[in-house]
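Have a look at the structure below before the remarks.
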Amino acid sequence: MISFVIAAILLPFLIASLCLREQRESRRRTLCICSASMCGVSLVVAGLLGEYRTIPALISFDPVTSKLGILLSAITIALTFAAPTRAFDAVGSERVNILLGLVNLLLFTDNLALFVLGWLASWWIISRELVRRDQERRNIGSASATYIACHCIAAVSLFGLLAESCYSSWVSREMAVFSIDALSASSLASNSFAFIVSLIPVWIAFGMAPIHFWMSHFLVPTRCTGSLLLSQLAGSGIALVRVVDPLSSSHPAMLEAVGVLGAMTILYFALVMFRETHLPRATLYLYLSQVALLFITFGVAEGERGVLALHLTNLIVGASGMVLVITMLHARIGAERISSIRGCAHLLPHAAVCFLISALSLVCFPGTLGFLLEEGIVSGALSHHLPIVSVVVVALALNGYSAMRVFGGVFLGPKDPELTPQLSLLPRERLGAVALATIVILAGMVPGLIASQH
Amino acid sequence: MAPLYLSLISLGVILFPTLGVGALLVDRFVSRIYSEKRITGIVSFCLGLSCLCSLLLTFIALHTGQQIEVTVIPLFGHEGIPLFLDSLSLPFVVVSTSLSWLVSLFSKPYLHRESGHYRFFLLLLGFVSAILLVFMSKNLHGVFIGWEVVGLASTLLISFFYSDCKTVKSGLTAFFSYRAADVGLVLALIIGHKLGHTSFSAVGEGHSITGASVTLFSLGILWASLGKSSQYPFVRWLPRAMEGPTPSSAIFYGAISVHAGVYLMLRTLLSVEVSPIVALLMGASGVFTAFYGTLLGRIQSDVKSSLAYASMAQVGLMFLEMGIGLRDFVVLHFVGHAVLRTYQLLHAPAAFQVHGGLERLHLAPLECPGGLYQRLIPRKVQLFLYRVSFKETTYRGCHSFGSLALLRFLSEKAWSFEHGLTFLATEGSRRLLIASSPRRTSASRPSLVAPSIKSHIGGVQ
């Protein structure tokens with residue numbers, strides 16, 4: 001069994017190396033999907049085995065992270081499979097996808113140093129991709145420079161965490177500080193410096209205010225925008241659940257501050273989105289509002305740590321659906337302003353449904369995956385913080401209206417004369433959109449699949 | 001707990017429309033040829049069965065006089081949603097199921113060969129399932145789920161003819177009002193949780209609770225009800241909502257959806273002690289809306305708009321009745337109003353034709369009915385009232401003075417701040433990177449950032 005699991009994890013590396021050499025696009029895509037599927041299979045096996053360790057003290061899978069990993073693989077497959085080819089340069093996008101997928105495997109290691117290495121590698125790949133994209137768009141440095149500058153701060157914090165771990169290890173003569181699974185029991189757990197330096201990179205990588213500037217350029221639609229966002233999100237999410245959360249238990253005042261900052265952020269982004277006319281940016285603010293809600297839950301919800309996985313799942317699925325639709329629209333129309341796109345529902349009904357359902361999930365609408373979060377809030381998770389709850393409720397209401405406004409602006413209205421029947425969705429694009437929408441609805445209708453275990 | 005057969009029948013009321021939604025979705029994926037007959041058949045069948053179940057329940061309830069407490073829907077959460085039917089919810093359920101069934105039959109020829117035929121029936125079934133959840137749910141959680149889905153279905157049906165920008169804007173106006181009103185319901189739900197009071201008790205068994213938090217709770221419920229029933233300050237969306245197809249206008253804004261607020265208030269009034277402030281606000285809003293609806297309804301130039309204002313005025317009277325404590329009378333008022341208004345709205349597209357037909361039959365112009373208004377009110381006052389009604393600018397002024405203007409102002413400021421800050425940060429990082437990047441001269445050593453930035457700077461210069 002051990003050899004099977006090891007093989008299942010290593011096989012994607014083999015397939016990926018084939019993928020990187022392959023020149024034909026169809027075959028490259030197939031190999032890419034196979035590779036991601038194999039990652040998924042290995043993680044499913046690991047998840048079924050519970051807290052099984054393939055190589056003791058090196059790679060570990062707990063129920064939360066293995067579920068996130070499975071979801072990550074599934075969405076990577078959907079995005080790779082459904083990525084629009086029209087108007088985008090396809091060369092290299094699969095390579096980026098597969099490299100990110102493989103690097104993200106390092107996030108499942110039990111060793112803090114390897115974990116940090118995986119994170120940095122992921123940022124390096126994303127930076128390179130952003131530089132390439134900036135050059136293509138002749139918009140030099142707008143995305144890459146802000147991304148690199150912001151993530152340099154995060155990298156410094158990460159090295160600070162590693163340094164603190166080394167120091168603690170040297171002082172206490174224990175190696176447990178490098179084991180992620182044993183973090184909560186180690187001496188680092190009571191160290192406020194370790195908590196801050198672990199929180200800063202996660203805060204930046206999620207794009208929380210006030211260091212969220214890189215995000216507005218990050219979501220420029222290209223063929224692998226979804227994968228970049230997904231990788232970024234998965235990395236930060238897994239870090240939040242595995243590293244920051246165990247270190248947070250003995251710092252209630254700081255957690256309270258995180259919650260208050262989150263409340264201010266959610267209201268701010270809801271207000272900005274109310275006025276936004278740029279489609280990718282409107283999506284971005286919706287996403288950031290949901291991230292702020294995640295941090296509010298992390299900060300002030302009592303006894304609701306398991307909900308973090310639910311938040312991340314909702315973010316991953318909702319944001320992926322919206323970004324997929326944006327890339328589809330951009331590939332066909334080329335415009336990004338809401339005022340210059342209209343009536344797309346005539347020709348792209350599947351994209352319209354996917355966009356609507358994903359957006360509704362991000363604003364916690366009943367019947368979608370996101371509703372479980374609102375249900376958690378009203379059921380008392382935040383009941384001791386009535387001002388914060390009020391802010392969250394107002395912000396979610398505003399976001400709901402704004403999401404509907406964006407949907408109405410883009411998909412409803414008179415038919416766009418530029419949209420011809422030749423530009424309708426390809427079958428694989430349609431399948432990807434329907435799959436994502438179905439995940440949102442099914443998980444919302446049968447939440448026990450996710451919620452019961454937390 | 002009710003006997004098993006009663007539970008099954010009660011569950012059937014809500015289950016059949018929900019199964020109908022599933023059947024339509026499956027049909028869309030499975031069948032290759034779209035058949036109007038099949039779609040309308042599924043819808044009429046499901047709604048007919050639901051109507052039959054509700055009538056059976058009424059019959060049983062009248063004979064046995066017992067309250068029916070039903071099973072649980074295990075779909076939406078761990079504990080599920082308990083359903084129940086009592087003397088308050090039964091009239092609402094019976095009216096909803098029977099009118100929806102009739103409207104589905106009416107829509108069959110009305111929407112023949114319409115491009116959104118499938119969409120209409122899917123949304124109709126979704127709406128009926130959601131509104132039945134509102135009426136049958138035993139706690140506020142179930143009400144909230146149904147409430148939100150009703151709002152979404154309403155918005156999508158207002159924007160049914162979505163090629164027209166005007167209908168889309170009207171849908172968005174309605175959705176904005178719904179979202180603003182939903183804030184009240186969510187806050188009430190949170191306060192209810194703190195009070196440990198989110199479950200409704202049966203009629204006559206109300207364990208009343210009092211206190212300052214209850215006033216806040218009732219205010220939240222009142223706010224949500226005003227929004228859903230288009231009472232002041234949410235009076236602007238209902239006339240615009242008439243942009244949708246006539247059958248949906250009839251079922252939403254004549255019969256059921258517009259009365260959901262009334263139901264929620266009635267249901268809450270039975271379980272909490274309403275403070276005088278809430279009763280006063282409820283009555284005042286009702287009176288004001290009744291006057292507003294009556295005045296503006298008289299100057300409308302199309303049938304559906306005048307019916308919308310008439311609906312608004314009648315619902316305003318219901319709120320007044322609740323404010324002064326005539327709760328049983330409100331249920332009677334609801335039944336009469338819902339049935340009459342549905343008939344009027346379904347009849348509206350043919351109203352002029354029928355009027356002309358009658359005139360041709362009588363060979364003379366028909367006399368205008370009523371005349372009480374002209375006889376009772378002096379001429380000068382009439383003219384003054386007409387002038388007030390026409391002055392929509394006054395109204396616009398009143399509304400934009402409120403929270404919407406503040407919201408727009410705040411969002412404008414936040415947007416400008418955000419974009420300014422993003423620009424500064426982008427420029428700052430770009431320059432920082434240019435300053436810190438090593439100067440490379442060899443072409444054999446590709447650089448990550450510097451060449452691109454250099455070329456950009458070169459281009460700019």
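Chain letters run A, B, ... following the sequence lines, proteins first and then strands; every chain starts at 1.
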Before giving the answer on side chain to side chain contact (heavy atoms under 4.5 Å, CB included), spell out for B:Thr167 and B:Phe160 the whole-Å C-alpha distance, their side-chain angles and the decisive distance to 0.1 Å.
CA-CA 8 Å; B:Thr167 60; B:Phe160 182 77; over 6 Å; no

Examine whether an atom of [X] lies under 4.5 Å from a heavy atom of chain A, and if so say whether it belongs to the side chain, the backbone or both; otherwise answer neither.
X: B:Val183; answer: both
X: B:Ser416; answer: neither
X: B:Leu185; answer: neither
X: B:Leu421; answer: both

Count the heavy-atom pairs under 4.5 Å between each of A:Lys415, A:His212, A:Arg342 and chain B, then report the option with the highest count.
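Option with the greatest count: A:His212.
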
Ranked by heavy-atom pairs below 4.5 Å to chain B, first place among A:Phe365, A:Phe411, A:Phe274 goes to A:Phe365

Is [Y] close to [X] at the side-chain level, that is, under 4.5 Å between some pair of heavy atoms?
X: A:Asn399; Y: A:Met273; value: yes
X: A:Val363; Y: A:Met404; value: no
X: A:Ser127; Y: A:Tyr147; value: yes
X: B:Pro245; Y: B:Phe161; value: yes

Using atom types as modelled and distance alone, determine if a side-chain donor or acceptor of A:Thr283 lies under 3.5 Å from a backbone N or O of A:Leu279.
yes

Assess whether a salt bridge exists between B:Glu412 and B:Arg408, defined as any Lys/Arg side-chain N lying under 4.0 Å from an Asp/Glu carboxylate O.
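Salt bridge absent between B:Glu412 and B:Arg408.
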
Given A:Arg275, which partner from the list A:Val272, A:Thr277, A:Leu271 fulfils the side-chain contact (heavy atoms from CB on, under 4.5 Å) test?
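Result for side-chain contact (heavy atoms from CB on, under 4.5 Å) with A:Arg275: A:Thr277.
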
Against chain A, work out which of B:Lys413, B:Lys166, B:His419, B:Lys169 has the most heavy-atom pairs shorter than 4.5 Å and name it.
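Max contact count across the listed options: B:His419.
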
Pair count under 4.5 Å, heavy atoms only, with chain A: among B:Leu152, B:Leu187, B:Asp164, B:Leu410, highest is B:Leu152

Should the ring pair A:Tyr285 and A:Phe269 be called parallel, tilted or perpendicular, given that the plane angle runs from 0 to 90° and is split at 30 and 60?
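Correct class here is parallel.
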
Could you list which of residues 172-181 of chain B have a heavy atom closer than 4.5 Å to any heavy atom of chain A, in residue-number order?
B:Leu172, B:Phe175, B:Phe176, B:Arg179

